[in-house]
There are 2 protein chains.
Amino acid sequence: MINKDLDKLLLALREQGCRLSGGREILLSVLAAAKGPLSAAEILISPAVKRANINRATVYRALSFLEKENIIESLRLDGDERLYHLNFHHHHHLLCTACKKIEAVHVCGLLGREEKKIAADTGFKVQRHVLEFYGLCKNCAAKKK
Amino acid sequence: MINKDLDKLLLALREQGCRLSGGREILLSVLAAAKGPLSAAEILISPAVKRANINRATVYRALSFLEKENIIESLRLDGDERLYHLNFHHHHHLLCTACKKIEAVHVCGLLGREEKKIAADTGFKVQRHVLEFYGLCKNCAAKKK
DNA sequence: TTAATTGCAAAAGTTTTGCACTGGC
DNA sequence: GCCAGTGCAAAACTTTTGCAATTAA
């Protein structure tokens with residue numbers, strides 16, 4: 001499943017006429033294997049990237065390139081760094097403030113309606129949204145009791 | 001109105017037993033006068049802060065203190081810096097990707113329901129959420145046509 | 001008085017850039 | 001062969017910290 005998603009994205013890249021360099025492919029495979037969004041720092045210390053000796057500047061350049069091409073998406077959460085993940089299915093996140101775990105969640109229907117309402121009320125034309133939930137995951141909520 | 005909001009927050013600060021130093025008061029007045037959330041850099045170059053010669057470190061320390069005390073709220077959007085605004089009414093933002101204007105918008109009812117659903121489905125206990133819309137404001141949308 | 005707040009300067013952390021070299025197509 | 005992509009080192013930018021001096025309560 002992960003590989004199927006990844007293959008689709010690689011195909012999309014080629015179809016957009018982009019070069020698929022070694023660095024970009026490794027980077028995408030790291031993101032595809034990750035359980036949640038990764039920071040540039042986490043990508044840099046991932047075994048695959050270290051093994052291939054991919055430079056910090058290259059990682060940043062590839063990330064911003066892939067984001068521009070809509071292959072990946074970046075998030076700014078409370079922390080200091082930007083987080084990246086594959087842009088395969090649009091989704092949102094549940095961030096546990098205790099253990100820092102990040103889970104994915106699908107919420108969108110209701111925002112579509114809201115966005116239409118915003119357009120009608122204010123004239124603002126929504127192109128995309130960012131929605132993240134902060135709180136306690138099941139485990140941490142149980143511990144706190 | 002701005003001053004009424006500000007006064008309430010200053011009162012809240014005192015009631016929480018916090019010192020109300022000159023720096024903090026100026027900083028809050030700058031945030032109160034702003035049309036949208038401000039970055040630390042914008043705060044630093046604001047006339048009031050420059051006039052009072054408030055140090056960069058002081059601004060950052062005051063901001064994180066005030067955030068901890070729930071007097072202000074901070075956001076991470078696409079840009080590189082954190083943005084701050086008074087935490088008077090919880091709200092969200094419409095960010096114009098063309099002219100960078102930021103408008104406030106109130107959306108929350110529907111998220112409350114969604115958060116209950118998340119708790120029921122996943123056990124995750126939502127404490128707060130971040131929701132921001134990116135797109136084109138009325139003016140910019142009209143220009144693009 | 002005295003504990004909290006501030007200024008200053010320096011450090012830490014993240015991300016970007018210039019330039020010469022390499023590699024994909 | 002050509003242009004896009006890369007490595008390296010240095011810079012830029014945002015935010016934090018240690019310490020001595022100051023200030024609000």
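None of the values given here were measured: they were computed from a predicted structure.
- In this structure, the CD atom of B/E81 is 13 Å from the C1' atom of C/dT14, given to the nearest Å.
- Backbone-only engagement by B/A40 is indicated by non-hydrogen atom pairs under 4.0 Å involving sugar-phosphate atoms exclusively.
- Residues B/L95 and B/Y134 meet the side-chain proximity criterion, which asks for heavy atoms closer than 4.5 Å.
- A/L31 has its side chain out of reach of A/L66: every pair of non-hydrogen atoms, C-beta onward, lies at least 4.5 Å apart.
- Annotation: side-chain contact (heavy atoms from CB on, under 4.5 Å) contacts of A/L11 (sequence neighbours excluded): A/E15.
- Taking the C1' atoms of five terminal pairs at each end of the helix from C/dT1-D/dA25 to C/dC25-D/dG1, the two resulting helix axes are inclined by 40°, rounded to 10°.
- Between B/L28 atom CG and C/dT5 atom P there is a gap of 13 Å when expressed in whole angstrom units.
- A search for side chain to side chain donor-acceptor pair (under 3.5 Å) contacts involving B/E67 returns B/S74, not counting sequence neighbours.
- Note on residues 119-136 of chain A: pairs passing salt bridge (Lys or Arg N to Asp or Glu O under 4.0 Å), not counting sequence neighbours, are A/K117-A/D121, A/R128-B/D78.
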Within the sub-3.5 Å range, which N or O atoms of nucleotides 22-25 of chain C have a protein N or O partner, and how far apart are they?
from	atom 1	to	atom 2	distance (Å)
C/dG23	N2	A/R19	NH1	3.0
C/dG24	N2	A/R19	NH2	3.1
C/dC25	OP1	A/L20	N	3.4

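- A 4.5 Å side-chain heavy-atom check between B/C137 and B/L94 finds every atom pair outside the cut-off.
- Between the CG atom of A/D80 and the P atom of D/dT17 there is a distance of 10 Å, rounded to whole Å.
- Qualifying side-chain contact (heavy atoms from CB on, under 4.5 Å) partners for B/S39, counting only residues two or more places apart in sequence or in other chains: B/A41, B/E42, B/E81, B/L83.
- Where B/R82 and A/R24 each meet DNA chain D at their nearest nucleotide, the meeting point lying more 5' is that of A/R24.
- Remark: P of D/dT15 and CD of B/E42 are 11 Å apart, rounded to the nearest angstrom.
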Please output the side-chain donor-acceptor pairs of residues 51-58 of chain A that fall under 3.5 Å, not counting sequence neighbours, one pair per line with the distance.
from	atom 1	to	atom 2	distance (Å)
A/N55	OD1	A/A57	N	2.8

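- Pairs of residues two or more places apart, or lying in two chains, never qualify as salt bridge (Lys or Arg N to Asp or Glu O under 4.0 Å) while including a residue from residues 32-41 of chain B.
- A straight line from CG of A/L44 to P of D/dC8 spans 13 Å, rounded to a whole angstrom.
- With sequence neighbours left out, A/A12 forms a side-chain contact (heavy atoms from CB on, under 4.5 Å) with A/Q16, A/I71.
- Atom-to-atom, CG of B/L38 to C1' of D/dT14 comes out at 16 Å; the value is rounded to the nearest Å.
- Contacts between residues 45-69 of chain B and DNA chain D, counted as heavy-atom distances below 4.0 Å, involve B/R56, B/A57, B/Y60, B/R61.
- When the C1' atom of D/dA24 is taken as reference, atom CG of B/L13 falls 14 Å away, rounded to whole Å.
- For the side-chain contact (heavy atoms from CB on, under 4.5 Å) test, residues two or more places apart in sequence or in another chain that qualify with A/E115 are A/L111, A/V126, A/H129, B/F133.
- Put simply, CD on A/E25 is 14 Å from P on D/dG5, counting in whole angstrom units.
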